[in-house]
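I have placed the structure first, in the form of structure tokens, so that the comments after it can refer back to it.
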Amino acid sequence: MDVVVIGAGQAGAAVAAKLRALGHDGSITLIGEETAPPYQRPPLSKAYLLGQMEAERLWLRGPEFYADNAIDLRLGHPVQAIDPVKKTVTVGLETLTYDQLVLATGSIPRRLPAAIGGGLDGVFTVRSLADVDVMQPEFVAGRRLIIVGGGYIGLEAAAVAAKLGLDVTVLEMAPRILQRVASPETSAYFRDLHQAHGVKILEATGLDRLLGEVRVTGARLTDGRELPADFVIVGVGIMPATALAEQAGLEIDNGIKTGALGRTSDPSIWAAGDCASFPHGAGRLRLESVGNAIDQAEAVAENILGANQPYVAKPWFWSDQYDCKLQIAGLNTGYDSIVTRGPEGASVSFWYYCGDQLLAVDAMNDPRAYMVGKRLIEAGKSPSKAMVADPNLALKSLLTA
């Protein structure tokens with residue numbers, strides 16, 4: 001059985017490695033359009049951008065791993081087309097055949113329209129190694145940076161810029177930063193943290209357009225104000241990369257639609273990672289995280305080899321900003337109340353409930369709260385809100401309550 005994997009990111013690399021680890025002895029071809037070997041993306045907007053990590057340390061495995069495991073790694077090779085009837089993939093002038101195909105195409109950053117200045121020089125997104133390499137020389141003390149979007153990517157970039165002595169302004173058109181993904185309590189925590197480091201946070205503030213003829217020189221806000229800028233970072237979310245799947249006629253539903261096993265509407269094509277949506281509870285879910293990319297990819301590898309085991313997500317996420325490590329367990333969708341535990345020194349955690357059911361935990365510099373919360377959520381247990389809020393009650397006692 002010949003397996004072709006399109007997308008040499010975290011999910012694609014995990015599928016290939018897991019197939020070999022499980023004893024698959026057919027060919028494996030791993031195709032990536034970037035020239036770098038499969039690497040971890042989270043440090044791009046953190047340690048790598050800050051200059052504290054070399055590119056080689058981003059790599060998931062050394063190049064010898066792929067050779068030693070007979071994985072044909074093809075870098076710098078964008079795929080032009082998939083023919084699901086002939087079971088072929090067109091890569092440049094070459095046509096590859098497959099028995100099973102895995103789409104691990106990831107996601108692409110949303111960009112500002114060219115009509116409002118999105119195409120000007122000096123306007124960047126943070127998604128790939130190449131993105132960060134091209135913007136890194138801009139990070140010079142005293143320069144003025146505007147970040148459009150107050151989500152985690154934008155805030156991580158703001159933290160790096162502030163550490164390096166830049167003048168940083170974050171524009172968020174929603175009433176608060178992190179509104180789409182976090183509670184008002186978490187938003188307030190990070191607003192205070194950034195303001196303490198000199199970052200200007202402008203919430204409920206829309207962007208009318210970026211200014212400049214060839215290179216960006218500033219931003220005009222929807223209230224008419226104009227702010228100067230030496231460069232701009234756009235962090236307004238990502239979209240699943242579905243173009244190849246659409247061209248191949250696969251079903252799309254907030255990403256490439258898969259069943260519980262990871263198989264798409266074509267029985268010989270699978271999908272995993274940021275690009276894939278899968279059944280979850282009564283609905284569907286698409287997760288943008290390293291944990292999901294690895295777990296879902298490994299589940300797909302197992303099911304390609306006949307395991308027939310539905311994928312059950314165990315969501316977790318993290319973000320590093322200044323000296324704060326945020327760890328998130330679970331999904332907070334549908335929460336109706338927040339329980340705060342702490343602060344205790346630099347540690348505090350926010351626990352999301354729907355009624356009496358624990359949904360998620362945001363833990364700032366509190367790995368114990370994160371680990372306990374994660375175990376509780378995965379076990380389907382919900383301690384009482386009073387117990388969570390009681391500072392005299394040891395966290396680990398929540399596991400046996």
inquiry  = Could you walk me through whether E172 and R180 satisfy the salt bridge (Lys or Arg N to Asp or Glu O under 4.0 Å) test, starting with their C-alpha distance in whole Å, then the side-chain angles of each, then the deciding distance to 0.1 Å, before giving a yes or no?
reply    = CA-CA 11 Å; E172 174 52 64; R180 187 178 65 86; over 6 Å; no
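Applying the side chain to side chain donor-acceptor pair (under 3.5 Å) test to residues at least two apart or on different chains, the pairs with a partner in residues 78-88 are K87-S268. For the side chain to side chain donor-acceptor pair (under 3.5 Å) condition, the pairs that include at least one residue of residues 370-382, sequence neighbours left out, are K374-E378.
The number of heavy-atom neighbours closer than 6.0 Å to CE of M173, taken from other residues, nucleotides and ligands shown, is 12 or below. Within a 6.0 Å sphere centred on NZ of K314, heavy atoms belonging to other residues, nucleotides or ligands number 12 at most. Atom CD of E56 has more than 12 neighbouring heavy atoms from other residues, nucleotides or ligands inside a 6.0 Å radius.
Nearest heavy-atom pair, N332 versus Y352, reported as atom, atom and distance to 0.1 Å: CB-CD2, 3.4 Å.
Residues passing the side-chain contact (heavy atoms from CB on, under 4.5 Å) test with A67: none are found, sequence neighbours excluded. Listed by chain and residue number, A386, M387 satisfy the side-chain contact (heavy atoms from CB on, under 4.5 Å) test with S384 (two or more places apart in sequence, or in another chain). Take L22 and apply the side-chain contact (heavy atoms from CB on, under 4.5 Å) test, not counting sequence neighbours, and it matches K18, E302, L305.
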Using a 3.5 Å cut-off and no angle test, enumerate the donor-acceptor pairs between side-chain atoms of residues 392-401 and protein atoms at least two apart in sequence or in another chain.
| from | atom 1 | to | atom 2 | distance (Å) |
| --- | --- | --- | --- | --- |
| S397 | OG | A394 | O | 2.5 |
| T400 | OG1 | S397 | O | 3.3 |

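Aromatic rings from F231 and F139 are positioned such that their centres are separated by under 6.0 Å.
No donor-acceptor distance shorter than 3.5 angstrom exists from the side chain of T242 to the backbone of A245, with no hydrogens or angles considered. A donor-acceptor pair under 3.5 Å links the side-chain atoms of N365 to the main chain of K325, judged by distance alone.
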